[in-house]
Amino acid sequence: MNTSADLILHNGKITTLDRQKPEASALLIRDGRFAAVGDEQEVMPLAGPTAQRIDLKGRRVIPGLIDSHMHIIRGGLNYNMELRWDGVRSLADAMRMLKEQVDRTPAPQWVRVVGGFTEHQFAEKRLPTLDEINAVSPDTPVFILHLYDRALLNGAALRAVGYTKDTPNPPGGEIQRDARGNPTGLLIARPNATILYATLAKGPKLPPEYQKNSSRHFMREVNRLGVTGVIDAGGGFQNYPDDYRIIEELHRDGQLTVRLAYNLFTQKPKEEIKDFDSWSNQVKPGQGDDLYRHNGAGEMLVYSAADFEDFKVERPEMPPNMEGDLEPVVRLLVENRWPWRLHATYNETITRALDVFETVNRDIPFDGLHWFFDHAETIDDRNIDRIAALGGGIAVQHRMAFQGEDFVEHYGNKAAERTPPIKRMLEAGVPVGAGTDATRVASYNPWVSLSWLVTGKTLGGLTLYPSANRLDRESALRLWTEANTWFSNEAGKKGQIRQGQLADLAVLSDDYFAVPEDAIQDITSILTLLGGKPVHGDAEFKDLAPSLPPPMPDWSPVRSYGGYQKRAGSDEARKYAFAAAACACASSCGVHGHSHASAWGASTPTSDARSFWGVLGCSCWAI
């Protein structure tokens, strides 16, 4: 495409989210912005003589999606190394992918499955056992991270990280041991995920050129799902400025395909004030441009205020020094006019943080400073109103779509009905935006979040919320577009298809407003524009976007599987249902008995499913 010429998109169903003109059939893009939006009769004559035209053929168009909470910078550095189980609906299929990746991964590299999935999404409703993982991979290190609660390591990974009988449990985590005191391979986050992340950090890293390639492929993957903007929430082991050099080089070279607003996440307990004091002299909020800009502090402000969620165990109690640690950091941020975000899962933590915020506000008024809580699954009405009074916001994520069953088991169905109470937040006038918290907890797929907001269901199919706490489709979409601009101080600049705004949009594979609720999570984008330039194309638009070099290295899981895995069709779903009944170890397989691990570790001709598996009745693979 000639990206300097006017561009007309016409014959579409365009959802603008502009209340003055909510629907359109055509739009004109000029110089990276929407120049006209309306019907074809009023838009087409406005184009220049060299204008290019795209016939949308009745497709639904929406503003580009914005994720208000993702760890895309850190995730991009590692994306090409990670086998994604996002979207995989059978443990048997996940283990097949794992075995294939083990076979192609050279020493000393690891095979890593780092978040984005839940055991509840599998037909078998369980995680693999350590025996099964070791059977698949006796020699190549395997690291599997499940939510914030645990990591599974095979024997080779234990050897690689050096965990032995003599390795003590680190603070905040547990190395599970057998009767002789030897590590089994199960690491448990109790009460936080530090042990999981510290162990993962021991693995090999990609060289810089590969990290650039990896980051580009991750950005293209979220473009494929219609995402054009991300507010990056920093992350553990994501040091500034060292670990930002790759993304800054991509920005300098014109290779960013999402707009990034980044927050800075403190890295060292007891040295948080030192970090923010240093950073406030290096960079200012808003510094940058429309593609890459600084956004303030967080989501970690101080380690003593971080209540990592693991709904399988009791709520962690924050230590007595939380307020004393948090107050000087917040004072420093307000004095320097730095917006901030704070990770807070539980209402009890939010109460104590608000006590600090109110104290500081009395001395140094926040005066319109955009600050907000992330997560807030169990927040109560009183604290919602306190946030509103202080002018704060709440960024919600679809973590309950992955962990809702665990929450219900621990706290009950009634308590789960308000996790979080989004409608109550909106009624109180609190700015609310949506995101994913990808990649180590939930998946980066925005359509899973939109499905959760609309249906109230987990990936495992459990209905969490009554209709009173669900959103209609337009309201949910607004949380993923215009509402998220408040959280990066960019209101009016993007988030709508409106004259003068940045020309970011997605042409959808299926009509979000017409498909059955259960099909929302399967939507993708077939054409994504960033500033009017194609950054992803598929189907009839596949030739519009520039191609990327292949994923590096050549053994990358992305080369074989891509990212988010499309759900199985109805025929495959029936096979997965059979797998759930036959393969969960409560019943034996017709060929292998209960030796599922041996079957997964075997080299077996499985390509002819009908003649081989059908005759023998093997259910270990759920082919």
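Keep in mind that the numbers below use all heavy atoms, side chains included, and drop hydrogens, waters and symmetry copies. In this text the structure is predicted, and so the values were computed from the model without any measurement.
Legend: ring-ring contact (aromatic ring centres under 6.0 Å, His included) pairs involving residues 492-519, not counting sequence neighbours, sorted by first then second residue: W447-Y512. Annotation: ring-ring contact (aromatic ring centres under 6.0 Å, His included) contacts involving residues 217-238, sequence neighbours excluded, comprise Y79-F218, F218-Y444.
For the residue pair R60 and T15, a side-chain donor N or O sits within less than 3.5 Å of a side-chain acceptor on the partner. Side-chain contact annotation: R386 with N383, donor-acceptor N/O pair under 3.5 Å present. In this model, no donor atom of one side chain and acceptor atom of the other lie less than 3.5 Å apart for N223 and T528. If you check the side chains of Y561 and W85, you find no donor sitting under 3.5 Å from an acceptor. Side-chain contact check for R259 and S488: no donor-acceptor pair (N or O, by modelled atom type) lies under 3.5 Å. Between the side chains of W480 and S449, a donor-acceptor pair is found at a separation under 3.5 Å. The closest side-chain donor-acceptor pair between N80 and N213 falls under 3.5 angstrom. When only modelled atom types and interatomic distance are considered, D437 and H71 share a side-chain donor-acceptor pair under 3.5 Å.
Each of T436, V535, L65, V227 was scored for a side chain to side chain contact (heavy atoms under 4.5 Å, CB included) with V222, with one residue passing: V227. Partner E377 forms a side chain to side chain donor-acceptor pair (under 3.5 Å) with one of Q403, R418, R399 and no other, that one being R399. Of the residues listed (R341, H343, H375), the one engaging H69 in a side chain to side chain donor-acceptor pair (under 3.5 Å) is R341, and it is the only one.
Ion pairing between E248 and R245 fails under the 4.0 Å rule for side-chain N and carboxylate O. Contact check on D504 versus K494 returns no salt bridge, with no Lys/Arg side-chain nitrogen under 4.0 Å from an Asp/Glu carboxylate oxygen. Remark: E540 engages R59 in a salt bridge, criterion side-chain N to carboxylate O under 4.0 Å. With salt bridges taken as basic N to acidic carboxylate O contacts below 4.0 Å, none links D243 and K205. In summary, E209 and K212 engage in a salt bridge, as defined by a charged side-chain N under 4.0 Å from a carboxylate O.
No donor-acceptor distance shorter than 3.5 angstrom exists from the side chain of N445 to the backbone of D522, with no hydrogens or angles considered. In this structure, the side chain of T16 engages the main chain of P22 through a donor-acceptor pair within 3.5 Å. Of the possible donor and acceptor atoms, none in the side chain of E272 sits under 3.5 Å from a partner among the backbone N and O of L301. Looking at T349, its side chain never comes within 3.5 Å of a backbone N or O of A344 through a donor-acceptor pair. Using modelled atom types, one side-chain atom of S214 and one backbone atom of G76 make a donor-acceptor pair closer than 3.5 Å. No donor-acceptor pair under 3.5 Å is formed between the side chain of D538 and the backbone N or O of R224. Under a 3.5 Å cut-off, the side chain of R293 and the backbone N or O of L291 do not form any donor-acceptor pair. In this structure, N263 contributes its side chain and W340 its backbone to no donor-acceptor pair below 3.5 Å. Judged by distance alone, with hydrogens and angles left aside, the side-chain atoms of R220 form no donor-acceptor pair with the main-chain N or O of T257 at under 3.5 Å. At distances below 3.5 Å, at least one donor-acceptor pair connects side-chain atoms of Y465 with backbone N or O atoms of T419.
Listed by chain and residue number, L17, R19, E474, E482 satisfy the side chain to side chain contact (heavy atoms under 4.5 Å, CB included) test with R478 (two or more places apart in sequence, or in another chain).
Here the CG atom belonging to D289 is positioned 3.5 Å from the NE2 atom belonging to H251, to the nearest 0.5 angstrom. Taken to the nearest 0.5 Å, the CZ atom of R470 stands 12.5 Å off from the CD1 atom of I422.
In this structure, R440 forms no cation-pi arrangement with F308, as its terminal cationic atom is not both closer than 6.0 Å to the ring centre and no more than 45° off the ring axis.
Proximity of M219 to Q255: side-chain heavy atoms (C-beta onward) are nowhere separated by under 4.5 Å. Counting heavy atoms from C-beta outward, N78 and V114 have side chains that stay 4.5 Å or more apart.
Other residues, nucleotides and ligands contribute more than 12 heavy atoms inside 6.0 Å of the NZ atom of K284. Crowding of K13 atom NZ: a count of heavy atoms from other residues, nucleotides or ligands under 6.0 Å not exceeding 12.
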